[in-house]
Amino acid sequence: MAWVKFFRRPGGNLGRSYQPGSMLSLAPTKGLLNEPGQNSCFLNSAVQVLWQLDIFRRSLRQLPTHYCLGDSCIFCALKGIFCQFQHSRERALPSDNLRNALAETFKDEQRFQLGFMDDAAECFENILERIHLHIVPNAETDSCTSKSCITHQKFAMTLYEQSVCRSCGASSDPLPFTELVHYVSTTALCQQVYDRREEKLHTDTFGELLQAASTSGDLRNCPSNCGQRIKIRRVLMNSPEIVTIGFVWDSEHSDLTEEVIRSLGPHLNLSGLFYRVTDEHAKKSDLHLVGMICYSSKHYCAFAFHTKSSKWVFFDDATVKEVGSLNKLSEMDT
Ligand SMILES: [Zn+2]
Ligand SMILES: [Zn+2]
Ligand SMILES: [Zn+2]
């Protein structure tokens, strides 16, 4: 189970590419069909958020070629839906082609199979990984530096983790890795909120709260085994344009929902989210919340910020509703 939040840099590249009156650079809103038994809400929610992410939508449109897999090509199927979002007169469109391509691609793993519910955050992550493979099929996923790879250029967080002992000074070898979604436990998040309230600590930024939550339960042994238990340090080395946070719930019937919603911040500073940030752009970046996928009562729905109207829009399969401001959004019972 996951609750995914998407942040992007304020303005994105809208200022440069958007011409007033040009409908091309702005996303219309349409629903996606989910017939009884299809259980496609996890996919529909991921697609809606991808479509509303201006940076992603425009980058995908500008890509000239890809390594095509024909009928089971996730890239073609996603582009097909995007094309229909742009040009169709229907209010709601089928997502069947993408659902089929996803099922075909992951049939060996028995993931995302037709008729079965699946995880929206993992679906989102896997679509991004597949797009990488369709653009640079031979590149290692973890060290992709291709300028045309939307996945790694726009979404990937390039990190290394290291544990440094305050007691004896020993440090572990830095372990580099990349992340498309940064997962945080809701239980750890709420524990941090609770501890801070108890100790009457100053209110941290949302990024700092997330960092505290993702490192608090993750204690390691000192690398030279001096007996200390130490926190892991994660260092961000690039400046991703879109940052995705996945909230992991410990149980399907969590009583933490309200607490989690209250702790959510509409801004995210990357220097708060990680122990250290090395890129100058990333140090200064203040990302704005532009999308959310929510899970409740065995069903996924999505919220996305619509750039043209500057309003939040709610997507529940074929249903699309304008919700207006972010405050109204938190009042909605989802
Ligand atoms: Zn293709
Ligand atoms: Zn890549
Ligand atoms: Zn030590």
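Remember, it's 1-based here, ligands and their atoms both numbered in the order they're listed.
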**OP:** Compute the centroid of each ring, for Phe75 and then for His66, and state whether the two points are separated by less than 6.0 Å.
**Re:**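 Yes; His66 has its ring centre under 6.0 Å from that of Phe75.
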Original post:
Ring centroid separation for Phe303 and Trp312, is it under 6.0 angstrom?
Top reply: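 Distance test on ring centres: not under 6.0 Å, no.
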Original post:
Just checking, any donor-acceptor pair under 3.5 angstrom between side chains of Ser163 and Arg220?
Top reply: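 Their side chains do not contain a donor-acceptor pair, so the 3.5 Å distance test is not met.
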Original post:
Do Tyr183 and Glu125 get their side chains close enough for a donor-acceptor pair, meaning under 3.5 Å?
Top reply: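 Their side chains do contain a donor-acceptor pair, which is all the 3.5 Å distance test asks for.
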Subject >> Closest approach to the Zn ion (ligand 1) by His66, given as the N, O or S atom name >> reply: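 Going through the N, O and S atoms of His66 one by one, NE2 ends up nearest to the Zn ion (ligand 1).
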Original post:
the Zn ion (ligand 2) is nearest to which N, O or S atom of His152?
Top reply: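 Going through the N, O and S atoms of His152 one by one, ND1 ends up nearest to the Zn ion (ligand 2).
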Subject >> Angle in degrees, rounded to 10°, that SG of Cys68 and SG of Cys76 form at the Zn ion (ligand 1) >> reply: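 Approximately 100° at the metal, rounded to tens of degrees.
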Subject >> the Zn ion (ligand 1) to nearest N/O/S of Cys73 less than 2.8 Å >> reply: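 It does: Cys73 brings an N, O or S atom closer than 2.8 Å to the Zn ion (ligand 1).
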Subject >> Opening angle at the Zn ion (ligand 2) [ND1, His132; SG, Cys149; to 10 degrees] >> reply: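 That angle works out to 110° after rounding to 10°.
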Original post:
Is the shortest side-chain N to carboxylate O distance from Glu259 to Arg197 below 4.0 Å?
Top reply: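 Judged by the 4.0 Å cut-off on N to carboxylate O distance, Glu259 and Arg197 do form a salt bridge.
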Subject >> Gln162 (side chain) donor-acceptor with Asp173 (main chain) under 3.5 angstrom >> reply: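 Not confirmed, Gln162 side chain does not pair with Asp173 backbone.
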**OP:** Kindly indicate whether a cation-pi arrangement holds for Arg130 with Phe106, taking the cut-offs as under 6.0 Å to the six-membered ring centre and within 45° of the axis.
**Re:**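 Verdict for Phe106: a cation-pi partner in Arg130.
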**OP:** With side chain to side chain contact (heavy atoms under 4.5 Å, CB included) as the test, would you mind laying out the steps for Val47 and Phe82 before giving the verdict?
**Re:** CA-CA 9 Å; Val47 169; Phe82 278 20; 4.3 Å; yes
Original post:
Using a cut-off of 2.8 Å, how many protein N, O or S atoms lie below it in distance from the Zn ion (ligand 3)?
Top reply: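 There are 4 of them.
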